[in-house]
Enquirer: 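Dropping a structure here in structure tokens format, bear with me for questions.
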Amino acid sequence: MFCEKVVELIRELQRATDGQLPPFNEDGIREVLEEMKALYEQNQSDVNEAKSEEKTDLIPTIKFRHCCLLRNKRCILAYLYDRMLRIRSLRWEYGSVLPSEIRFHFAPEETVWFNQYKKSLATYMRAIGGDEGLDITQDMKPPKSLFIEVRCLKDYGEFEIDDGTTVLLKKNSQVRVK
């Protein structure tokens, strides 16, 4: 029937638990694309027949097939977009080097996308952190305490914090600051 293969692709993604990436279903994608090609060719022949012989009874069938084509297209894009989001989250979870059992489930195009995303993220982190860069993938969880401990490396004197309190910063002293 119409659109059943593409719905199975979506269900395959839903069955995978969060954080897991099922293997790329290239055969399923190919079958859906073949179905779309067949629907398009049937529509083209019916449109040509309807134009030449002025058959208006074919219009509902043409519209139905067209809706099936649009649905298949939306579902394939949703399948690919969901996989892309999962791959992006894997980069944040595992870092720039993924375990081989995860990379095994990638399509070649997804590997290229992952490498480009990894490079873009690295370029951004180098750009925002001054000379050394800033690794925004570290410390993803917020601190449990509102206070941080500051160790003073040189004598600074009195320092006024945003809330108006002043702190005396002497060399080798440690201060808890809100």
Enquirer: Could you go step by step and tell me if Phe64 and Asn43 meet the side chain to side chain contact (heavy atoms under 4.5 Å, CB included) rule?
Expert: CA-CA 10 Å; Phe64 175 73; Asn43 260 7; over 6 Å; no

Enquirer: So that I can tick it off, tell me whether Arg30 and Glu34 are bridged by a salt bridge, with the cut-off set at under 4.0 angstrom between side-chain N and carboxylate O.
Expert: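 No.
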
Enquirer: Might you point out which heavy atoms bring Cys68 and Phe2 nearest each other, and give the distance in Å?
Expert: SG-CB, 3.6 Å

Enquirer: Relative to each other, are the rings of Tyr117 and Trp113 parallel, tilted or perpendicular (30° and 60° limits)?
Expert: parallel

Enquirer: Is a donor on one side and an acceptor on the other found under 3.5 Å between the side chain of Arg65 and the backbone of Tyr40?
Expert: no

Enquirer: Quick check: do Val167 and Val150 have side-chain heavy atoms less than 4.5 Å from each other?
Expert: no

Enquirer: Would you say CD of Glu54 has more than 12 non-hydrogen atoms from neighbouring residues, nucleotides or ligands within 6.0 angstrom?
Expert: no

Enquirer: Can you see which heavy atom on Tyr79 is nearest to which on Asn25, and at what distance?
Expert: OH-N, 3.1 Å

Enquirer: Within a strict 4.5 Å, meaning less than it, do heavy atoms of the Ile136 and Tyr124 side chains meet?
Expert: yes

Enquirer: Measuring from atom CG of Leu98 to atom OG1 of Thr111, what distance do you get when rounded to the nearest 0.5 angstrom?
Expert: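 Nearest 0.5 Å value for the CG-OG1 distance: 9.0 Å.
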
Enquirer: With respect to Cys3, which candidate in Leu39, Asn72, Leu69, Val32 satisfies the side-chain contact (heavy atoms from CB on, under 4.5 Å) definition?
Expert: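 Per the side-chain contact (heavy atoms from CB on, under 4.5 Å) rule, the option paired with Cys3 is Asn72, out of Leu39, Asn72, Leu69, Val32.
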
Enquirer: Between the side chain of Arg83 and the main-chain N/O of Pro22, is any donor-acceptor distance below 3.5 Å?
Expert: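 Confirmed, Arg83 side chain pairs with Pro22 backbone.
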
Enquirer: Tell me whether Ser173 contacts the main-chain N or O of Leu169 through its side chain, where contact means a donor paired with an acceptor under 3.5 Å.
Expert: no

Enquirer: Shared ILVMFWY cluster between Ile87 and Tyr81, side chains joined below 4.5 angstrom?
Expert: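 Same cluster: Ile87 reaches Tyr81 through Ile, Leu, Val, Met, Phe, Trp or Tyr contacts under 4.5 Å.
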
Enquirer: Linking I/L/V/M/F/W/Y whenever any side-chain heavy atoms sit under 4.5 Å apart, do Phe106 and Met84 land together?
Expert: yes

Enquirer: Quick one, Arg91 and Ser96 - any side-chain contact, counting heavy atoms below 4.5 Å?
Expert: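 Yes; the side chains approach each other to less than 4.5 Å.
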
Enquirer: Of all heavy-atom pairs between Ser45 and Gln42, which one has the smallest distance, and what is that distance?
Expert: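 For Ser45 versus Gln42, the nearest heavy atoms are OG-O, 2.9 Å.
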
Enquirer: When rounded to the nearest 0.5 angstrom, what distance separates CG in Leu33 from NZ in Lys5?
Expert: 11.0 Å

Enquirer: Taking atom CZ as the centre, does Arg15 end up with more than 12 heavy-atom neighbours from other residues, nucleotides or ligands that are less than 6.0 angstrom away?
Expert: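 Counting neighbours around CZ of Arg15, more than 12 heavy atoms of other residues, nucleotides or ligands fall under 6.0 Å, so yes.
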
Enquirer: What distance separates Arg126 CZ from Leu121 CG, expressed to the nearest 0.5 Å?
Expert: 10.0 Å

Enquirer: Side-chain heavy atoms nearer than 4.5 Å, only ILVMFWY residues, links allowed to pass through others: does that put Val6 and Leu70 together?
Expert: no

Enquirer: Closer than 3.5 angstrom, by distance alone: can the side chain of Arg86 be matched with the main-chain N or O of Leu21 as a donor-acceptor pair?
Expert: no

Enquirer: Taking Arg11 first and then Glu4, would you say they form a salt bridge - that is, a charged N and a carboxylate O separated by under 4.0 Å?
Expert: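 Here Arg11 does not pair with Glu4 in a salt bridge, since their nearest N and O are not under 4.0 Å apart.
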
Enquirer: Please report the interatomic distance NZ(Lys171) to CZ(Arg151), rounded to the nearest 0.5 Å.
Expert: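 With rounding to 0.5 Å, NZ (Lys171) is 13.0 Å from CZ (Arg151).
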
Enquirer: Taking Asn48 for its side chain and Gln44 for its backbone only, find out whether a donor-acceptor pair lies under 3.5 Å.
Expert: yes

Enquirer: Find out if a path of hydrophobic residues (ILVMFWY) with successive side-chain heavy-atom gaps under 4.5 Å connects Ile148 to Leu153.
Expert: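 Unlinked, Ile148 and Leu153 end up in two clusters.
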
Enquirer: Take atom CD in Glu101; do more than 12 heavy atoms of anything else shown fall under 6.0 Å from it?
Expert: yes

Enquirer: Quick one: CG on Leu90 to CZ on Arg103, what's the gap to the nearest 0.5 Å?
Expert: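 These two atoms lie 12.0 Å from each other.
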
Enquirer: So, for Asp135 and Met125, which heavy atoms are closest and what is the spacing to 0.1 Å?
Expert: OD1-SD, 3.4 Å

Enquirer: Does Tyr156 belong to the same Ile/Leu/Val/Met/Phe/Trp/Tyr cluster as Leu168, with side-chain heavy atoms less than 4.5 Å apart forming each link?
Expert: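 No, Tyr156 does not connect to Leu168 through the hydrophobic network.
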
Enquirer: Supply the atom-to-atom distance Asp46 CG to Ile62 CD1, rounded to the nearest 0.5 angstrom.
Expert: 5.0 Å

